[in-house]
Amino acid sequence: MSKLQPARGTRDLFGEDMRRMQKVIDTFRQTGLAYGFEDLATPIFEFTEVFKRPLGDASDIVSKEMYTFTDRGGEEVTLRPEFTAGVCRAFISNGMQQNLPCRLMSHGPVFRYERPQKGRYRQFHQINAELLGPADPEADVDMLAFAWRILKTLGISKDVVLHLNTLGDVESRAAYRDALVTYFSAHKDKLSEDSQRRLTTNPLRILDSKDEGDRVLVADAPNMSQFLNEASLDFFNRVKAGLEAVGVPYVHDERLVRGLDYYTHTAFEFVTSQLGAQGTVLAGGRYDGLIAQLGGPATAGIGWAGGIERLSMLLAEDPGTPRGTIVLPMGDAATVKAFAVAEALRDAGHLVTQDRSGNLGKRLTRAAKANARYAVILGDSELEKGVAVVKDLDSGDQREVALAELAASLEA
RNA sequence: GCGGGUGUAGCUCAGUCGGUUAGAGCGCCAGAUUGUGGCUCUGGAGGUCGCCGGUUCGAUUCCGGUCACUCGCCCCA
């Protein structure tokens, strides 16, 4: 094993891993186009403030997971730990409120300093979608239908359950938070060490604690639904009705909360049981106050992010590479002529490689291993006749074809 | 950040109760088969046994540290 390792929690992506991830990205983009989304690429680093303010100083991401450094000009910058804050910053910077609604899709690497595990890396990749402008619950339904269609297209929807909850509007959420703090404070000595900390950092998180002692207390804790005001309740009911109308299955999970401060109303996670502790595969929610908080015009928003590595691990099989044609020139004259033959095939839309080394048997072996569909054998004797031998690598059949008819004789 | 497991060939793994040349399967290369693959047979290349240190006459093996991966917690995609 070489001493040259990639930095902890990072890895090189190639071969099957890369193909699987690329399939997730391709499916995401194709589906996004069908829902009217446009591509957006924001920088992978921003001024630290862009992430610090919306995520909240108390969040783990800000307090201990960000790759933050001072650049040579003395600026405090941070490698993005998520997409939403940067997308909202771009929305403000570019005056996109002139053009609502904004449907923006992005994908790429994000960075968090965490202890790596399977499905959890320090540099990982997300697909991300944000819908800015609409404040109606039907917009949430649209976003969930979009996500669900990706999972269906990837063939992994059967492995995933949508957990849905509402955090209510700012007023409801604050009231609930106060009630939880009051309730849990009365039992503080019985809470786990982690949850005692959460009491100040993020009390909602106590609700999904895995500690058995905590769970006993949680069972009798007040429910969010008791604290929803009329508007929040109506909002959530319309989201649920919409999901039923559009045919996206879900479970209402009262204990689902989100770690980030900017969420309001709808919160959701698509969860799988197949990735151990890293079961959340795509998640998001509504964040109506975020853009204003960043200093932009008050604009509603809802979005989600999916972990490309995690999604790609659920794919049943290697997507493979497209099958093509391989041109095998035998002899000096053929080697020169092969370029014109290959280019003409590419002009006609074929996928073409050449193999010039080794004897014919060697080359056919490699062609079979590369899963090529056809071999075009071009020897000096064929050249004299203006033909090539086309070998079907599945059936083994082969025949001579005039060079002018070569492209038409191959199935695309 | 906390607790546990693992680290031997490109891959999956045996093995050495501390002792001379560390093995298998798959993969790779070559030949049998001078321009016809996927099968078969034969041969070959490839390892400072993760790294550093300690104990020992001697360490891949025991001990410590470290790095990486991995399981759970935390957190999250």
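These values consider heavy atoms only, across backbone and side chains, with no hydrogens, waters or symmetry-generated copies. Letters A, B, ... mirror the listed sequences (proteins, then strands); counts begin at 1.
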Give a yes/no answer on whether the side chain of A:Arg8 brings an N or O atom under 4.0 Å of OP1 or OP2 in B:rC69. yes
Nearest-Å distance for atom pair CG/C1', residues A:Leu314 and B:rA77: 12 Å
Which pairs, protein N/O on one side and nucleotides 31-35 of chain B N/O on the other, fall under 3.5 Å?
unit_1 : atom_1 : unit_2   : atom_2 : d
B:rG35 : O6     : A:Ser381 : OG     : 3.0
B:rG35 : N1     : A:Glu382 : OE1    : 3.1
B:rG35 : N1     : A:Glu382 : OE2    : 3.3
B:rG35 : N2     : A:Glu382 : OE2    : 3.2

Closest-nucleotide mapping onto RNA chain B: is A:Pro6 or A:Ser395 further toward the 5' terminus? I mean the 5' end. A:Ser395
Please work out if A:Gly119 contacts a base, only the sugar-phosphate, or nothing of the nucleic acid, heavy-atom cut-off 4.0 Å. base
May I have the distance from A:His163 (atom NE2) to B:rC76 (atom P), rounded to whole angstrom? 16 Å
The side chain of A:Arg115 is closest to which nucleotide in this list: B:rU36, B:rG72, B:rC74? B:rG72
Under 30°, 30 to 60°, or over 60°: which ring-plane class applies to A:Trp148 and A:Phe270, parallel, tilted or perpendicular? parallel
Among B:rA77, B:rC74, B:rG3, the one nearest A:Arg310 by side-chain distance: B:rA77
Ignoring backbone atoms, test whether A:Lys64 places a side-chain nitrogen or oxygen under 4.0 Å from the OP1 or OP2 oxygen of B:rC75. no
When you match A:His125 and A:Ala368 each to their closest nucleotide on RNA chain B, which lands nearer the 5' end? A:Ala368
N/O donor-acceptor pair, side chain A:Arg120 with base B:rC74, under 3.5 angstrom: yes
Taking OP1 and OP2 of B:rC74, is either one under 4.0 Å from a side-chain nitrogen or oxygen of A:Lys210? yes
Sugar-phosphate only, base, or nothing, as touched by A:Gly396 at under 4.0 Å among non-hydrogen atoms: base
With the side chain counted from C-beta on, respond yes when A:Phe91 and A:Val87 share a heavy-atom pair under 4.5 Å apart, and no when they do not. no
Watson-Crick/G-U partner (both atom distances under 3.5 Å) of B:rG58: none
For atom CD of A:Gln274 and atom P of B:rA77, their distance in whole Å: 20 Å
Whether A:Gln117 contacts B:rG72 is assessed here as follows: a side-chain N or O lying under 4.0 Å from the phosphate OP1 or OP2. Is that the case? yes
Can you confirm whether or not the ring centre of A:Phe236 sits under 6.0 Å from the ring centre of A:His252? yes
Given atom CD1 of A:Ile150 and atom P of B:rA77, what is their separation to the nearest angstrom? 16 Å
Please report the distance separating the C1' of B:rC49 from the corresponding atom of B:rA24, rounded so that it comes out in whole Å. 16 Å
Using Watson-Crick geometry (N1-N3 plus N6-O4 or O6-N4) or G-U wobble (N1-O2, O6-N3), each under 3.5 Å, B:rA68 is paired with B:rU6
Name the nucleic acid region contacted by A:Glu65, choosing base, sugar-phosphate or nothing; use a 4.0 angstrom heavy-atom cut-off, strictly under. sugar-phosphate
For A:Arg198, report the nucleic acid contact type (base, sugar-phosphate, nothing); a contact means any heavy atom under 4.0 Å. sugar-phosphate
I'd like the C1' distance from B:rA32 over to B:rU16, given in whole Å. 38 Å
Can you name the residues that form a side chain to side chain contact (heavy atoms under 4.5 Å, CB included) with A:Glu384, not counting sequence neighbours? none
For the C1' atoms, the ones on B:rU60 and on B:rG50, what distance do you get once it is rounded to whole angstrom? 11 Å
Residue set satisfying side chain to side chain contact (heavy atoms under 4.5 Å, CB included) with A:Glu38, at least two apart, ordered chain then number -> none
Where does the angle between the aromatic ring planes of A:Tyr113 and A:Tyr67 fall among parallel (under 30°), tilted (30 to 60°) and perpendicular (over 60°)? perpendicular
Just how far, in rounded Å, is P of B:rC11 from CD of A:Glu16? 15 Å
Would you call A:Asp394 and A:Arg323 a salt bridge, taking side-chain N to carboxylate O under 4.0 Å as the test? yes
Output the single nucleotide from B:rC75, B:rC76, B:rG37 whose closest atom is nearest the side chain of A:Leu393. B:rG37
Return the pairing partner of B:rC75 with a 3.5 Å limit on both distances, Watson-Crick or G-U wobble; otherwise return none. none
Starting at atom CG of A:Asp211, determine the distance to atom C1' of B:rC2, rounded to an integer number of angstrom. 14 Å
Categorize A:Asp392 for me: base, sugar-phosphate, or nothing, with a 4.0 angstrom heavy-atom threshold over every strand shown. base
Nearest-Å distance for atom pair CZ/C1', residues A:Arg112 and B:rC75: 9 Å
Is A:Arg197 salt-bridged to A:Asp194, cutoff N-O under 4.0 Å? yes
At under 4.0 Å between heavy atoms, what does A:Ala305 touch on the DNA or RNA strands: base, sugar-phosphate, or nothing? sugar-phosphate
P spacing across the pair B:rA45 / B:rA22, given as an integer number of angstrom: 14 Å
Of the candidates B:rC76, B:rG37, B:rA77, the side chain of A:Lys391 sits closest to B:rG37
Taking the P atom of each, how far is B:rG10 from B:rU6, in whole Å? 23 Å
Contact class for A:Gly279 (heavy atom, under 4.0 Å): base, sugar-phosphate, or nothing? nothing
Provide, to the nearest angstrom, the distance between the CZ atom belonging to A:Arg122 and the C1' atom belonging to B:rC69. 12 Å
By the 4.0 Å heavy-atom rule, please label A:Tyr121 as base, sugar-phosphate, or nothing. base
Base partner of B:rA32, which must satisfy Watson-Crick or wobble distances under 3.5 Å: B:rU40
Options B:rA68, B:rA77, B:rG37, nucleotide nearest the side-chain atoms of A:Thr365: B:rG37
Contact between A:Leu378 and A:Met330 at the side-chain level, heavy atoms closer than 4.5 Å - yes or no? no
Which nucleotide sits closest to the side chain of A:Arg205: B:rU36, B:rC76, B:rG37? B:rC76
Rounded distance in Å between the C1' positions of B:rC52 and B:rC11: 28 Å
I'd like to check A:Tyr183 versus A:Leu217 (side-chain heavy atoms, cut-off strictly below 4.5 Å). Are they in contact? yes
Considering only atom C1', compute the distance from B:rG54 to B:rG15 and round it to an integer number of Å. 25 Å
If you measure from the P atom in B:rG25 to the same atom in B:rU42, how many Å do you get, rounded? 11 Å
Hey, do the aromatic rings of A:Phe37 and A:Phe146 have their centres closer than 6.0 Å? yes
Quick note, A:Thr280 side chain, CB onward, closest among B:rC76, B:rC74, B:rC73 is B:rC76
